[in-house]
Amino acid sequence: MAIRVYESRRRDVVELEPRDEGRISMYACGPTVYNLIHVGNARTIVWYDQVRRYLEYRGYDVTYVMNYTDVDDKIIERAKIEGIPPEGVTSKYTQAFEDDMSALGTKPASLIVRATDHIGDMVVAIQGLIDKGLAYKAEGDVWYEVENFDGYGKLSGRSLDDMRSGDRIEPSPGKKHPVDFALWKSAKEGEPSWPSPWGPGRPGWHIECSVMSTRYLGMGFDIHGGGRDLIFPHHENELAQAEGLNGGEFVRYWVHAGLVQMESEKMSKSLGNVVLARDVIEQYGGETCRYWMLASSLRSQAVFSDDTLDDADRSLERWRTFLEAAGHALAEEAPAASSSYRRPLSDPGPEGTGAEFISRFLSSMDDDFNSAKAFAAIHDLVREGNRLIEGAQRGDEGERKSLAGLLEVFLELTSVLNFRLESKPEDSKLVGGLVEYLLELRESARSERAFERADEIRERLTELGVAIEDTPAGPRWRVSGTGQ
RNA sequence: GGCGGCGUGGCCGAGUGGUUUAGGCAAGGGCCUGCAAAGCCCUGUACAGCGGUUCGAUUCCGCUCGCCGCCUCCA
């Protein structure tokens, strides 16, 4: 069974057949580092991280390149506002991006590339396009001539005629066709610039991705993506540049993520309805945020609201509770998480306790990363596991064995999604000691049947965010809630 | 105006031409508990509307209504 993905250009779900057997090359448009990212930006990157993790889990050797766009009008603007040089802006927001993404459990791409480190390559590419008759100079600018590229519009499914008739494109002086886009912009006073055969200036928005992706991954690499809103013009233009310059196919599979919706409107910087990733992480924690992002599948739009985030938080809490309870029930026989699980496509498939859950998880994720269905398999596993806990605690050998098997599968599946399910940081030694002491007091009250006193202790702790559960093996506690 | 997508029970969100339920959250009932909590069991009879195809459609086709995305910087 192969992995299937929805491919934007073909507008269909197709089998993923990598250019090189056993290897996947993927490229993602990373941030333009001029601002803190919002949860929509973050969700797309988290999903790409998940795609990468899943492909590795399925046995592929993945090379994942991400770019940071660190030359752009917005950066220049921002530098003026903050009164610092553009490099100050980019380094500040690059760090902020990496901090946010790390809080969301993504691991850095195999290779991170910066536009400013590849200006020379871009100049060479632009000259190449001019030489091929696909670009032309107009004053200090260089424009891509879309009418000379056969197939312009094939990714986004639109024709030049459609676009010409649209009244939203403003013709610029010097452009031959209103859709022609800038490859090189001449420098204005006080802007960062680089030398070029056409005079000092800086590259246009799209050229860096064409140049850097093909430099490191070659033409015809496997997966390229970003949010749906990048399909046009960004990816269309990347395609026109790369294929126009090099010939052949640029990208085998275009994979685009659905956008985050805010009250039935997309979240977007231009609409001004953004919620910063940082703020959501602070309120709900990175793991809840990641759960929310992944619980809706890659292509569907995710609804941002307190309700959907609260749902995610409670669902995750259910998993944590299971992990903890199963661990207690099995004591030292409890399996530990491995650092790297692998289920290559070539595997005959799992056997033994919990195998059905692995199978369901795999077939769901193989099917265009249907995470919603994959999560359901984990939830079903948890229910079955919870049923076994009482018996396992009693010492029933059969149930212990089954529970241990299920727990092992649970650890595997949640680790593929990079959920650590760790207890809250408040769970420190001092706090632990104090809570244990209060529980001892409560237990002695209970043994004297002084329930009023016992309940008072429990209520006070609950108010403080410490949940108490009495189990046959004694009371248990944990820090609950969303950390507010 | 052009192109694309969607409309599932209180909310989020999978899926399918027909019999057995996606799953989560919330709600109600029960078990367990000193009482709780956690957990388990049960319950809700949902697929925008109108036609059509079909023995049978939530699932296919058409139309209508509503919503969303792209067409301009945007993940």
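Both backbone and side-chain heavy atoms feed into the values below; hydrogens, waters and symmetry mates do not. Order of the sequence lines fixes the chain letters, A, B, ..., with proteins taken first and strands second; residue numbering starts at 1 for each chain. Owing to the predicted nature of the structure, the values given are computational and were not obtained by experimental measurement.
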Is the charged tip of A:R52 near the ring of A:Y64: under 6.0 Å from the six-membered ring centre and within 45° of its axis?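 That pair does not qualify as a cation-pi contact.
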
Could A:R252 and A:F221 be counted as a cation-pi pair, given that NZ or CZ must be under 6.0 Å from the ring centre and within 45° of the axis?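 Geometry flag: not set, cation outside 6.0 Å or 45°.
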
Basic-acidic side-chain contact under 4.0 Å: [X], [Y]:
| X | Y | result |
| --- | --- | --- |
| A:R360 | A:D380 | yes |
| A:E82 | A:R78 | yes |
| A:D470 | A:R446 | yes |
| A:E333 | A:R400 | yes |

[atom1]/[X]: more than 12 non-hydrogen atoms of other groups inside 6.0 Å:
| X | atom1 | answer |
| --- | --- | --- |
| A:K107 | NZ | yes |
| A:K401 | NZ | no |
| A:R11 | CZ | yes |

Between [atom1] of [X] and [atom2] of [Y], what distance do you get to the nearest 0.5 Å?
| X | Y | atom1 | atom2 | answer |
| --- | --- | --- | --- | --- |
| A:L155 | A:L230 | CG | CG | 10.5 Å |
| A:N273 | A:Q261 | CG | CD | 9.5 Å |
| A:S213 | A:M26 | OG | CE | 13.0 Å |
| A:S371 | A:L298 | OG | CG | 8.0 Å |
| A:L316 | A:Y291 | CG | OH | 7.0 Å |

Distance, rounded to the nearest Å, where [X] contributes [atom1] and [N] contributes [atom2]:
| X | N | atom1 | atom2 | result |
| --- | --- | --- | --- | --- |
| A:F361 | B:A22 | CZ | P | 22 Å |
| A:D368 | B:A14 | CG | C1' | 13 Å |
| A:E317 | B:A37 | CD | C1' | 12 Å |
| A:H235 | B:C3 | NE2 | P | 24 Å |
| A:F181 | B:C71 | CZ | P | 15 Å |
| A:K154 | B:C70 | NZ | P | 24 Å |
| A:N273 | B:G69 | CG | P | 10 Å |
| A:Y291 | B:G23 | OH | P | 13 Å |

Hey, is the side chain of A:R476 poking within less than 4.0 Å of OP1 or OP2 on B:A37, counting only N and O atoms?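 No, outside the criterion.
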
Considering just the side-chain nitrogens and oxygens of A:S296, establish if one lies under 4.0 Å of OP1 or OP2 belonging to B:A14.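 Result: no.
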
Determine the interatomic distance between [atom1] on [N] and the same-named atom on [M]; round to the nearest Å.
| N | M | atom1 | value |
| --- | --- | --- | --- |
| B:C60 | B:C3 | C1' | 24 Å |
| B:A14 | B:G51 | P | 30 Å |
| B:A27 | B:C32 | P | 22 Å |
| B:C71 | B:U16 | P | 31 Å |
| B:G9 | B:C70 | P | 26 Å |
| B:G30 | B:C35 | P | 14 Å |
| B:G10 | B:G66 | P | 23 Å |
| B:A37 | B:C31 | C1' | 15 Å |

List the protein contact pattern of nucleotides 26-36 of chain B with one symbol per nucleotide (5' to 3'): B for base contact, S for sugar-phosphate-only contact, - for none; contact means a heavy-atom distance under 4.0 Å. S-------BBB

When every nucleotide of nucleotides 4-12 of chain B is labelled 5' to 3' by its protein contacts under 4.0 Å (heavy atoms), B for base, S for sugar-phosphate only, - for none, what sequence of letters results? -------BS

[X] near the nucleic acid: base, sugar-phosphate alone, or nothing, with a heavy-atom cut-off under 4.0 Å?
| X | value |
| --- | --- |
| A:I231 | nothing |
| A:S297 | sugar-phosphate |
| A:N370 | sugar-phosphate |
| A:A372 | base |

Specify the residue among A:G258 and A:A467 whose closest nucleotide of RNA chain B lies further upstream toward the 5′ end.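 Looking at RNA chain B, the more 5' nearest nucleotide goes with A:A467.
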
Toward the 5' end of RNA chain B, by each residue's nearest nucleotide, A:F232 or A:G157: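 Per heavy-atom nearest nucleotide, the more 5' residue is A:G157.
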
Please list residues of residues 373-391 of chain A whose heavy atoms come under 4.0 Å from any atom in RNA chain B, ordered by number; otherwise none.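 When residues 373-391 of chain A is checked for heavy atoms under 4.0 Å from RNA chain B, the hits, listed by number, are A:K373, A:A376, A:H379, A:D380, A:R383, A:N386, A:R387.
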
Specify the residues of residues 34-49 of chain A, ordered by number, for which at least one heavy atom lies under 4.0 angstrom from an atom of RNA chain B.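 Of all residues in residues 34-49 of chain A, the ones placing a heavy atom under 4.0 Å from RNA chain B are A:H38, A:G40, A:N41, A:T44.
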
Do A:N35 and A:K74 pass the side-chain contact (heavy atoms from CB on, under 4.5 Å) test, and can you show the C-alpha distance, the side-chain angles, and the key distance before you say yes or no? CA-CA 9 Å; A:N35 214 337; A:K74 297 270 171 56; over 6 Å; no

Check residues 451-459 of chain A and write down every donor-acceptor pair under 3.5 Å in which the side-chain atom is one partner and the other belongs to a residue at least two apart or another chain.
| residue | atom | partner | partner atom | Å |
| --- | --- | --- | --- | --- |
| A:R453 | NH2 | A:E448 | OE1 | 3.4 |
| A:D455 | OD1 | A:R458 | NH2 | 3.4 |

Parallel, tilted or perpendicular, as decided by the 30° and 60° cut-offs, for the rings of A:F181 and A:Y144: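 Rings of A:Y144 and A:F181: parallel, as their planes differ by under 30°.
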
Between A:T308 and A:S305, does any side-chain donor sit less than 3.5 Å from a side-chain acceptor?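 Side chains of A:T308 and A:S305: pair found under 3.5 Å.
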
Under a cut-off of 3.5 Å for both distances of each Watson-Crick or G-U pair, what dot-bracket string does RNA chain B give, using [ ] for crossing pairs and | for inter-strand pairs? (((((((..(((.....[....))).(((((.......)))))....(((((..]....))))))))))))....

